[in-house]
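Here the structure is laid out as structure tokens; the discussion comes afterwards.
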Amino acid sequence: MDTKEEKNCSDGTKGVLISGVPAKQVKVDEIQYFIDMKIEGMILGVLWIMMIGWQLDKSYTNCYGNRIRKTLYNEFSNEPTFSPALFEPYFQNYESWRDQALTLAQKCMQQDDVLIFTLDFKRYYYSVDVSEEFMKEILTRVKGKSDYNEEYLSRINDFVYCVIKRYSQIYREHSEEERIRRILPIGFLPSGVLANECLKKFDTAILDGWNPLYYGRYVDDILLVEKVEKGSRIAQKAQDGKLEFYEAFEYYTVNNSRWTGKENRNARAVFKKEEDECGTYCILPEFTKPLGSATKIQLQASKIKLFYFQRGQSDALITCFKNSIEKNKSEFRWMPEDDAVFQEDDYSEVFELSHHGVNKLREVDDIAVDKYALSKYLGKLQRINGLISEKTKGEEYNFVRDIHKIFTPKTIIENYTLWERVIAILFVKKSYKALLRFIALVIDTLDKTSYAIEGVDDDTGFVTNALREALQEHLISSIARPMALHDGETFEEWKLEDAQSLLSEQMKELLTKAQNRSKGYFKAKMLDKNLCVIWPELVSCGGENPQKKDLTNEDNVVELLKKETCTETFQEKMNKIINQRYIYYPYLIKPADLMLARLMYDLVRKKDIEDLNKIEEIFKQCWQLNYSPRSFEGWTNNRFIEENIKTGELNKQPAFQIGKPSFSKIRVAVANIQMDISNFDHAVMRKPNRSYRRYQQIAELVNTAVREKADMLVMPEACTPKEWLPTLARTCEKNHLAVVTGVEHIIEDNCVYNLTAVILPYEEKWTGQWHSVILYHSKNHFAPEEKRMIESLHLRAMEGIESSEAKCDAKYELYSWNGFWFTVYCCFELTSIRDRSIFQSYIDALIAVEWNHDVNYYSNIIESLSRDIHCYCIQTNTSEYGDSRITKPSKTENKDILRIKGGSNATAHVGTIDLEQLREFQMKAYSGQKEDKTFKPTPPDFDYKGAYERRKGTMFECFCAKKKAD
């Protein structure tokens, strides 16, 4: 609820009124001042970080926030690397900062009483006074360590100081603050490093003077863990139940009784208590020098929390907290699911209920929108929104219909950072009426928003007007970026039917500004590429194009590709884009982006798909697009490709090595999902099933594999629509999960393709980021019944051997992923004796993706194949027919590692493949194998050298690279 009021009752007590009527006015009591500076100034700020800031960062200890990326500079040459980011990702260091404290506290509780402190500095960036002396000291420290010209170092350091002074001057004019401080500019990149530098002496004082069990600082948030000495005054009072907050806090941080190196027993530790009603504590000046005298870094007692745990006491609080964090973290790693929206039409999860009981209405204290839950909810909705195409029970989701109920004036202002997400959801779904209603709601709220500090309203003052103007500019940008996804379309073309009245003159003016700004977003490549069905450059290259582009709609993109491509090959199209010399894309272009784009491009052009797996070309294009200021020629070119991937041939079949050999065992998740023949019918009739129910089944398979810590997931033939591959690839990258999945039959004009996608994640050696490659296997032999069904609709089954211009023999791919060697066959291909024997001696496993009712026949093939090729066999089929399994060349009674059939719910079962054990067995002669008996003996003509080289990690160099050279 938006209001909570207390009223005096007749007996003198107070009652509570919880009102569901939202407040008409919104009072903002705290605002942030972001720097508004030209891009040239921002670039110089980056230069300061690369010349000075990274040197300062190397000296920080016990500091976790705003840390420079370890991969920013090469540790051996001190040259800049190709890292696309300056700072370490927020969540990684934040998790480490928090988890180390909690784990140490749990361990210590077994022997001692423990205190956990959580501290938070009040408006930290506004509390420091950056002096000229402070900046000069920084420069002096760096000069002796840097290879850069000293004049350049001085000039760039002076520039940063000038920015700080100018920003502080403007801040005083706006805020009317009397105290003169040179504060840290919010939004200026050097401020992140300087924020840590300002507290360096404070950090040292804590570590040297107090030396607690754990001290960690994340910018202005602090976590401390300390054991309580047995028999101490604090321990005794806690035992008696008489320990007060102030006594415990001041014992450690204000009084110096626990500190070393303090000769004056009347001296303070690191904080002094202010004489005010708020219970404010300030850092002592000696720990902020050489910052200016106006520096006043404060802690507010209301924000300090102390947790006292007795020895041997239950650590349920810590465990519960860690489990809750892990659950929230997992939601961002998994494929998004949201049954509440798409099945139950329920959005109650965005509300948080405060209560002191669970059974009675009178025990409810308050109900309000949970900012974090709302952000998660919208994130999941946005990611799923473009993947499905179905209506729920009504014409729109309840969330869309009731958006004005969720977003009360207070919620709108508190969650202004989510405006763009809401607008993008409505825009992509073309819910234009709901979109205009939401925008109108925001506009109306802005008119009712004012700044109020310490109970004094500023309804018409300078700050209130500036606040409203800033939020309106933010609203325009929040509309403009999603509008860039429909380049060339005007809001006058939106289908509003009977809702034209929503287009007031004020609304038209706002939308016109947003429309103009959207052109800038489109030109600057700053639209959200994850909402596009293809890498946007493929349909936007070539300057001004009057044709409308709906980058979120596949049919529209296909039409654009047909009109624009003419006779250009993908390589020619990419060369045109690269030759435009547009450098510094605002996002990193990943190999998976281009591989998915190439698939769609080549299919639309009705070209054979022979070139889909030319990943050396893809990697070269990624280099040129991401790092185009650097020459691609010479050793750098070769290193960039070879340190990430290698390509070669074995027995005239393409071979790919992704990642360095590391697996000795691998956990494989085998999907158990019921395939629906109607999906095939809908696909060939060009009305594909993109229901949430189908998406949810795929998501459940992936998320089960992630939960069970599988390394690889294998799904049946024709299981995953190609439109869902980008989301699947991103999930693979986040979780380092490989996926082999059949792709639903693709129909272009009268051609039908049956592909299997192999998604292999890897760590990019140049940046330390995780990417993935998507390789495709085109089915060489369609099953007779499959082909009959296709041809009965006047369509043509594009078998792998037919889709090649060379009309060569069947092609099968050999993969090495982190040293796990495998190949993939699609269903009917297994019936070819010649084809299935190609990689004997060279693979650890053969993966068979199937959708086949002839279970007995294929069961015999798999069991025979496992012995004949002497490898693990991973087979997955629809749960209706079953026999999905992992089997090995062993005795009948223990050959199956897992085997499953049946069930209507989608799930995955995990089995472990022991690669080391198989290879060691294969390296033995018959006498040794007979004595071992772990597996059945290898067949005649089995080359033990293949097992030896796989075990050694040199298989590719010995067999694949040499064959390619030949």
Side-chain angles (χ1 to χ4, degrees), residues 382-391 423-435 479-497 511 514-515 518-519 521-523 525-568 570 573-574 576-577 593-607 682-683 685-691 695 721-727 743-744 746-751 753:
Q382 184 177 18
R383 286 188 287 171
I384 300 173
N385 204 31
L387 301 179
I388 65 172
S389 54
E390 66 173 356
K391 295 289 184 181
I423 290 167
I425 290 168
L426 300 174
F427 189 81
V428 170
K429 275 297 182 186
K430 295 182 170 58
S431 299
Y432 295 126
K433 287 189 285 186
L435 172 61
I479 301 169
R481 192 159 179 252
M483 286 181 80
L485 296 166
H486 288 195
D487 184 53
E489 181 183 77
T490 65
F491 66 87
E492 288 93 346
E493 299 172 71
W494 293 352
K495 294 180 180 179
L496 297 175
E497 298 169 356
L511 292 175
Q515 196 167 282
S518 73
K519 296 174 184 176
Y521 276 110
F522 187 84
K523 188 175 180 181
K525 328 291 185 187
M526 289 186 68
L527 37 73
D528 188 344
K529 72 181 179 77
N530 290 333
L531 297 179
C532 301
V533 298
I534 194 172
W535 183 50
E537 283 297 282
L538 280 183
V539 292
S540 61
C541 172
E544 294 294 327
N545 190 327
Q547 190 170 357
K548 297 170 188 174
K549 303 179 182 70
D550 179 357
L551 299 175
T552 66
N553 181 280
E554 180 161 353
D555 291 338
N556 183 258
V557 169
V558 167
E559 288 304 311
L560 288 170
L561 288 175
K562 286 181 178 178
K563 291 178 180 178
E564 288 193 5
T565 57
C566 300
T567 58
E568 286 180 322
F570 183 80
K573 182 73 173 181
M574 290 301 300
K576 179 192 273 189
I577 294 171
D593 295 330
L594 298 188
M595 288 172 166
L596 289 162
R598 179 162 207 160
L599 171 64
M600 189 170 182
Y601 189 94
D602 283 356
L603 288 172
V604 168
R605 291 186 67 252
K606 293 184 291 187
K607 179 184 180 295
H682 287 306
M685 295 302 293
R686 295 175 174 80
K687 294 182 179 179
N689 173 14
R690 299 294 179 265
S691 64
Y695 168 84
K722 72 174 172 57
E723 298 93 329
W724 297 352
L725 290 177
T727 299
V743 180
E744 183 177 67
I746 301 170
I747 293 86
E748 285 298 337
D749 292 335
N750 70 327
C751 299
Y753 300 85

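Worth saying up front: this structure is predicted, and the values here are computed from it rather than measured.
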If you measure from CD1 on Ile534 to CG on Leu594, what distance do you get to the nearest 0.5 Å? 10.0 Å

Interatomic spacing from CG in Leu527 to CG in Asp487 - rounded to 0.5 Å: 8.5 Å

Set of residues satisfying side-chain hydrogen bond (donor to acceptor under 3.5 Å, both in side chains) with respect to Asp528, sequence neighbours excluded: none

Any side-chain heavy atom of Leu551 sitting closer than 4.5 Å to one from Lys529? no

Which heavy atom of Arg686 sits nearest to which heavy atom of Pro688, and what is that distance? C-CD, 3.4 Å

Could you give me the CA-CA distance, side-chain angles and deciding distance for His486 and Thr552, then say whether side-chain contact (heavy atoms from CB on, under 4.5 Å) is met? CA-CA 8 Å; His486 288 195; Thr552 66; 3.6 Å; yes

Could you check Met574 against Arg598 for side-chain contact (heavy atoms from CB on, under 4.5 Å), going step by step and ending with a plain yes or no? CA-CA 10 Å; Met574 290 301 300; Arg598 179 162 207 160; over 6 Å; no

Are any of the side-chain heavy atoms of His682 and Glu744 separated by less than 4.5 Å? no

When you compare the side chain of Val558 with that of Met600, does any pair of heavy atoms fall below 4.5 Å? yes

For the pair Gln382 (side chain) and Ala424 (backbone), establish whether a donor and an acceptor sit closer than 3.5 Å, ignoring hydrogens and angles. no

Close side-chain approach of Phe427 to Arg481, heavy-atom, < 4.5 Å: no

Using 0.5 Å steps for rounding, measure from the CD atom of Glu748 to the CG atom of Leu603. 5.5 Å

Given Trp494 and Lys433, is the side-chain contact (heavy atoms from CB on, under 4.5 Å) satisfied, shown in steps? CA-CA 9 Å; Trp494 293 352; Lys433 287 189 285 186; over 6 Å; no

Heavy-atom closest pair, residues Ser518 and Ala484: O-CB, 3.6 Å

Could you tell me whether the side chain of Ile577 reaches within less than 4.5 Å of the side chain of Trp535, counting heavy atoms only? yes

OH-CD distance between Tyr432 and Glu493, expressed to the nearest 0.5 angstrom: 9.0 Å

So does Asp550 get a backbone contact from the side chain of Asn556, meaning a donor-acceptor N/O pair under 3.5 Å? yes

State, with a plain yes or no, whether a side-chain heavy atom of Cys532 is found less than 4.5 Å away from one of Leu485. yes

With sequence neighbours left out, the residues meeting ring pair (Phe, Tyr, Trp, His ring centres under 6.0 Å) with Phe522 are none

Taken to the nearest 0.5 Å, the spacing of Asp555 CG from Leu560 CG works out to 11.0 Å

What's the verdict on side-chain contact (heavy atoms from CB on, under 4.5 Å) for Leu538 and Lys573, showing C-alpha distance, side-chain angles and the deciding distance? CA-CA 8 Å; Leu538 280 183; Lys573 182 73 173 181; 3.7 Å; yes

Got Ile423 and Leu435 here, is their nearest side-chain heavy-atom distance under 4.5 Å? yes

Partner residues of Glu554 under the side-chain hydrogen bond (donor to acceptor under 3.5 Å, both in side chains) criterion, sequence neighbours left out: Lys722

Once you round to the nearest 0.5 Å, how far does OH of Tyr521 lie from CE of Met483? 12.5 Å

Looking only at heavy atoms, the pair that brings Ala514 and Ala480 closest together is O-CB, 3.2 Å

